[in-house]
Amino acid sequence: MSLSEQEIIRRDSMHALRLMGIDPYPAEGFEVTHTSTAILEQFPDNPEGFSAVRIAGRLMSKRIMGKASFAVIQDSVGTLQVYISRDDICDGEDKSMYNDVFKKHLDIGDFIGVSGFVFTTQTGTTTLHVKELTLLSKALRPLPIVKTDAEGNVHDAFTDPEQRYRMRYVDMVVNPQVKSVFIKRTQLMNSMREYLNAKGYLEVETPILQPIYGGAAARPFKTHHNALDTTLYLRIANELYLKRLIVGGFDGVYEFSKDFRNEGMSRFHNPEFTQIELYVAYKDYEWMMNLVEEMLEKVAIDVTGGTKVQVGEHLIDFKRPWKRFTMFEAIEHFTGVDISEMDEHALYKAAKEMKVHIDASTMGKGKIIDEIFGEKCEPYLIQPTFITDYPVEMSPLAKKHRHKEGLVERFEAIVNGKELLNSFSELNDPIDQRHRFEAQLELGKRGDEEAMVLDEDFLRALEFGMPPTAGLGIGIDRLTMIMTNSNSIQDVLFFPQMRPERS
RNA sequence: GAACCCGUAGCUCAGCUGGCUAGAGCAUAACACUUUUAAUGUUGGGGUCCUGGGUUCGAGUCCCAGCGGGUUCACCA
């Protein structure tokens with residue numbers, strides 16, 4: 001490993017500190033009395049009680065003017081200016097603490113702890129006058145230095161997406177606003193937990209390593225268990241396990257599920273992603289629509305402070321009630337064509353006329369309808385909208401519609417032109433479920449790599465009886481993108497998947 | 001998988017139709033400076049111009065291939 005000049009200088013500083021008897025990585029903790037923002041908020045109105053303040057954080061800038069200096073310390077919530085004068089931090093005639101330790105051997109990025117009193121400078125900045133300074137941890141690599149001038153212009157921003165995603169720790173240090181996205185992500189999940197717990201539903205955990213993957217149409221990651229000498233798959237969904245729990249007698253269960261799909265990556269797709277799935281017994285999809293509206297309205301308020309959320313150029317309002325269309329209504333609304341009575345041949349012709357890309361050899365009726373909807377309707381549905389009643393071919397785990405032939409009781413919510421969640425009245429007829437699995441097996445034989453596999457144990461569970469149940473899955477990453485106005489899934493994942501770094 | 005764009009100092013970037021020893025700001029090193037704030041002033045150091053070929057008297061610049069990244073599309077809930 002070859003070191004840059006600046007890395008060598010910092011290692012030299014570290015050795016020089018050791019020779020002076022200063023441990024660059026001391027073991028003892030540093031007691032903190034305030035955060036930076038607490039001082040900035042409280043001191044101007046209430047200056048008493050700030051005569052012995054201790055804060056700790058990273059040294060982010062040094063401005064040395066002879067025997068006095070200003071520096072900026074960044075802690076977990078913000079930054080605070082500190083004032084350091086030579087004669088205040090040095091004992092008697094020995095000025096090395098200032099001249100050597102602070103001026104020469106402390107670098108931007110080092111963790112320090114300081115104690116002193118708070119005052120206001122001539123230019124009106126709340127500042128900590130340092131009486132004692134302690135090195136807490138030495139940084140051996142230089143941080144990118146981002147500066148903001150008096151007009152608010154940012155200089156030398158750390159913006160290269162690859163570097164930011166690969167070194168998220170650096171990204172968060174120099175772009176502190178990044179942390180707020182992840183704080184909101186956690187608030188969002190907490191908000192859902194509160195809502196669902198208040199309704200009495202149970203948060204559960206189900207297997208990630210599964211001998212038979214199921215619950216979605218996707219290609220899985222495959223792995224091997226040595227002791228059992230058997231193939232296992234990383235889950236693509238947890239749906240079938242949660243339904244087993246409904247069979248077992250729980251009324252409502254949910255899980256924040258890390259799922260894994262071995263497919264392409266994009267602005268909306270990471271190989272591992274998070275969904276919440278919820279199953280409630282004795283309910284149907286109509287009931288679930290009302291729950292979704294209520295829950296997501298609450299989430300928007302909890303995370304953003306209101307029901308209206310700015311996403312790109314759109315202001316999206318999660319206030320109840322949301323618009324509801326059947327899929328056929330939506331297609332008629334956007335294309336002027338009523339396809340509800342068409343057979344496969346007529347559908348094919350209609351799709352052609354709409355210039356929707358169709359592959360007649362592999363696409364059945366349901367798939368064509370889905371394509372038309374995906375191209376002609378979905379991108380234009382910006383405000384939260386429920387789309388209901390999907391073709392049965394696309395939904396092997398959903399119950400057939402109580403009135404409408406060829407459809408299932410299913411809905412999705414489209415927000416900002418993208419599908420955000422998926423729900424249905426769960427199929428609990430074990431005979432019908434077996435037929436649906438068999439139809440999937442046929443698709444698999446014809447080369448559909450995303451066709452579902454038959455899960456004999458799940459069918460056994462259904463044969464013991466599952467009450468009527470409403471199920472729901474929400475993409476947490478995509479919901480977080482909307483609630484934080486993020487353009488890419490990578491911006492809402494701490495560590496998005498990246499190609500391995502070359503060494 | 002496809003198209004387009006990008007890769008120059010630790011960071012952000014400039015470098016024209018190919019032409020002296022490859023530049024700036026910040027960072028860094030040295031000196032000065034006890035209320036500054038993108039602190040300032042003076043003086044230094046720092047480069048495999050992504051990699052490998054090719055064209056040329058001469059390549060950071062043009063061509064080809066590769067590697068890495070980005071954007072859009074396709075696939076995909």
Side-chain angles (χ1 to χ4, degrees), chain A residues 2-10 12-13 60-72 79 81-89 98 103-104 107-109 119-127 129 139-167 170 174 215-219 236-237 239 259 261-271 273 275 277 357 359 370-371 374-375 378 390 394-395 410 412-414 418-423 448-450 473-475 477-478 487-488 490 498-502:
Chain A
S2 66
L3 297 175
S4 71
E5 182 197 31
Q6 296 194 37
E7 289 172 308
I8 292 166
I9 289 165
R10 282 164 182 250
D12 289 346
S13 282
M60 294 303 280
S61 93
K62 276 202 308 189
R63 298 186 291 277
I64 296 169
M65 290 152 298
K67 299 180 187 66
S69 300
F70 286 93
V72 171
T79 60
Q81 174 166 278
V82 299
Y83 173 79
I84 297 171
S85 76
R86 187 191 68 182
D87 297 335
D88 278 321
I89 64 165
Y98 184 77
K103 278 171 68 174
K104 282 190 168 56
D107 293 295
I108 289 169
F119 73 109
T120 304
T121 63
Q122 291 173 2
T123 52
T125 305
T126 300
T127 301
H129 187 125
L140 295 183
R141 288 176 184 257
L143 282 175
I145 300 205
V146 182
K147 291 193 170 183
T148 308
D149 65 21
E151 283 90 52
N153 301 311
V154 176
H155 299 264
D156 302 335
F158 182 64
T159 55
D160 177 358
E162 180 185 2
Q163 300 239 59
R164 289 185 47 216
Y165 300 143
R166 283 198 194 281
M167 297 190 283
V170 174
V174 302
R219 293 160 66 186
I236 59 173
E239 171 157 356
D259 294 340
R261 299 188 183 177
N262 206 341
E263 290 166 349
M265 293 163 59
S266 77
R267 194 155 73 81
F268 293 100
H269 301 264
N270 195 66
F273 64 101
Q275 284 199 94
E277 292 200 35
H357 179 76
D359 181 349
D370 194 55
E371 285 293 316
E375 267 191 51
E378 199 174 79
Y390 282 63
M394 310 295 300
S395 314
R410 173 178 177 182
E412 293 188 352
I414 313 293
K418 267 277 173 192
E419 173 217 334
L420 179 66
L421 56 88
N422 184 17
S423 168
D448 184 346
E449 297 188 64
E450 287 158 2
I474 305 178
D477 311 285
R478 288 186 185 175
N487 192 41
S488 164
Q490 295 167 305
M498 305 282 284
R499 202 177 292 272
E501 218 170 340
R502 287 188 304 173

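Proteins come first, then strands; the chains are lettered A, B, ... in the order of their sequence lines, and each starts at number 1. Every value quoted in this text rests on a predicted model; they were computed, and no experiment measured them.
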Legend entry - Expected output: side-chain A:T123 to main-chain A:T121 donor-acceptor under 3.5 Å: no
Inset, instruction - Please report the closest heavy-atom contact between A:S13 and A:D107, naming both atoms and the distance. - result: OG-OD2, 4.3 Å
Legend entry - Distance below 4.0 Å between A:R166 side-chain N/O and B:G69 OP1 or OP2: yes
Inset, instruction - Would you please confirm or rule out a distance under 4.0 Å between OP1 or OP2 of B:U36 and any side-chain N or O of A:R63? - result: no
Inset, instruction - Select base, sugar-phosphate, or nothing to describe what A:E263 touches, counting heavy atoms under 4.0 Å on all strands. - result: sugar-phosphate
Inset, instruction - For nucleotides B:C5 and B:A65, find the distance between their P atoms and express it as a whole number of Å. - result: 14 Å
Legend entry - A:N422 and A:R410, any side-chain heavy atoms less than 4.5 Å apart: yes
Legend entry - Under 3.5 Å donor-acceptor pair, A:Q81 side-chain atoms to B:U36 base atoms: yes
Legend entry - Spacing between A:E7 atom CD and B:A9 atom P, to the nearest angstrom: 15 Å
Inset, instruction - Give, for atom CZ of A:F273 and atom CZ of A:R478, the distance between the pair rounded to the nearest 0.5 Å. - result: 8.0 Å
Legend entry - Per A:F158 side chain, nearest of listed nucleotides B:U34, B:U36, B:C11: B:C11
Legend entry - Nearest-Å distance for atom pair CG/P, residues A:N487 and B:U71: 8 Å
Inset, instruction - Report which part of the nucleic acid A:T148 touches: base, sugar-phosphate, or nothing (heavy-atom distance under 4.0 Å, all strands). - result: sugar-phosphate
Legend entry - Rounded distance in Å - CD1 (A:I84) to C1' (B:U35): 13 Å
Inset, instruction - Sticking with atom C1', work out how far B:C33 lies from B:G41, rounded to a whole angstrom. - result: 9 Å
Inset, instruction - Verify, without hydrogens or angle tests, whether A:R10 (side chain) and A:A139 (backbone) share a donor-acceptor contact under 3.5 angstrom. - result: yes
Inset, instruction - Write down the distance separating the C1' atoms in B:U36 and B:U17, rounded off to the nearest Å. - result: 49 Å
Inset, instruction - Nearest whole angstrom, please: distance from the C1' of B:C33 to the CZ of A:R86. - result: 12 Å
Inset, instruction - Check whether the side chain of A:T121 and the base of B:U36 form a donor-acceptor pair under 3.5 Å. - result: yes
Inset, instruction - Using only side-chain N and O atoms of A:R141, determine if any of them is under 4.0 Å from OP1 or OP2 of B:G10. - result: no
Legend entry - B:A3: pairing nucleotide in any strand, Watson-Crick or G-U under 3.5 angstrom: B:U71
Inset, instruction - Send over the distance from A:M60 CE to B:A38 C1', rounded to a whole Å. - result: 14 Å
Inset, instruction - Give A:T125 one of three labels, base, sugar-phosphate or nothing, depending on what nucleic acid heavy atoms sit under 4.0 Å from its own. - result: base
Inset, instruction - Could you work out the separation of B:G19 and B:C62 based on their C1' atoms and round it to a whole Å? - result: 14 Å
Legend entry - Watson-Crick or G-U counterpart of B:U28, or none if no pair lies under 3.5 Å: B:G44
Inset, instruction - In whole angstrom, give me the gap between the C1' atoms of B:U48 and B:U8. - result: 12 Å
Inset, instruction - May I ask you to say what A:Q490 touches in the nucleic acid, namely base, sugar-phosphate or nothing, with a heavy-atom cut-off under 4.0 Å? - result: sugar-phosphate
Legend entry - Separation of A:K103 NZ from A:I84 CD1 (nearest 0.5 Å): 12.0 Å
Inset, instruction - Calculate, to the nearest 0.5 Å, the distance between atoms CD1 and NZ belonging to A:I64 and A:K104 respectively. - result: 9.5 Å
Inset, instruction - Look at all strands and tell whether A:F268 reaches a base, only sugar-phosphate, or nothing, counting heavy atoms closer than 4.0 Å. - result: nothing
Inset, instruction - Rounded to the nearest angstrom, tell me the gap between atom OH in A:Y83 and atom P in B:U34. - result: 9 Å
Inset, instruction - Using a heavy-atom cut-off of under 4.0 Å over every strand shown, decide if A:R219 touches base, sugar-phosphate, or nothing. - result: nothing
Legend entry - Polar side-chain atom of A:R261 near backbone of A:I236 as donor-acceptor pair, under 3.5 Å: yes
Inset, instruction - Using a 4.0 Å heavy-atom cut-off across all strands, classify A:R478 as base, sugar-phosphate, or nothing. - result: nothing
Legend entry - Distance, P atom - from B:U21 to B:A27, rounded to whole angstrom: 31 Å
Inset, instruction - Between A:S488 and A:P144, just flag the one whose closest nucleotide in RNA chain B comes earlier from the 5' side. - result: A:P144
Inset, instruction - Answer with base, sugar-phosphate or nothing: what part of the nucleic acid does A:A218 contact at a heavy-atom distance below 4.0 Å? - result: sugar-phosphate
Legend entry - Assigned partner base of B:U61, Watson-Crick or wobble definition, under 3.5 Å: none
Inset, instruction - Supply the atom-to-atom distance A:Q490 CD to A:R164 CZ, rounded to the nearest 0.5 angstrom. - result: 9.5 Å
Legend entry - Note, A:E239 side chain near A:Q275 side chain (heavy atom, < 4.5 Å): no
Legend entry - Distance between C1' atoms of B:U40 and B:C49 (Å, rounded): 33 Å
Legend entry - Atom-pair distance (CZ on A:F70; P on B:C33), nearest Å: 17 Å
Inset, instruction - For each nucleotide in nucleotides 26-32 of chain B, reading 5' to 3', give B when a protein heavy atom comes within less than 4.0 Å of its base, S when such contact involves only the sugar-phosphate, and - otherwise. - result: SBSSSS-
Inset, instruction - Please measure how far the C1' atom in B:U55 lies from the corresponding atom in B:A38, and state the result in whole Å. - result: 46 Å
Inset, instruction - Quickly work out the A:Q163 CD to B:G68 P distance and round it to whole Å. - result: 16 Å
Legend entry - 5'-most by nearest nucleotide on RNA chain B - A:G124 or A:R267: A:G124
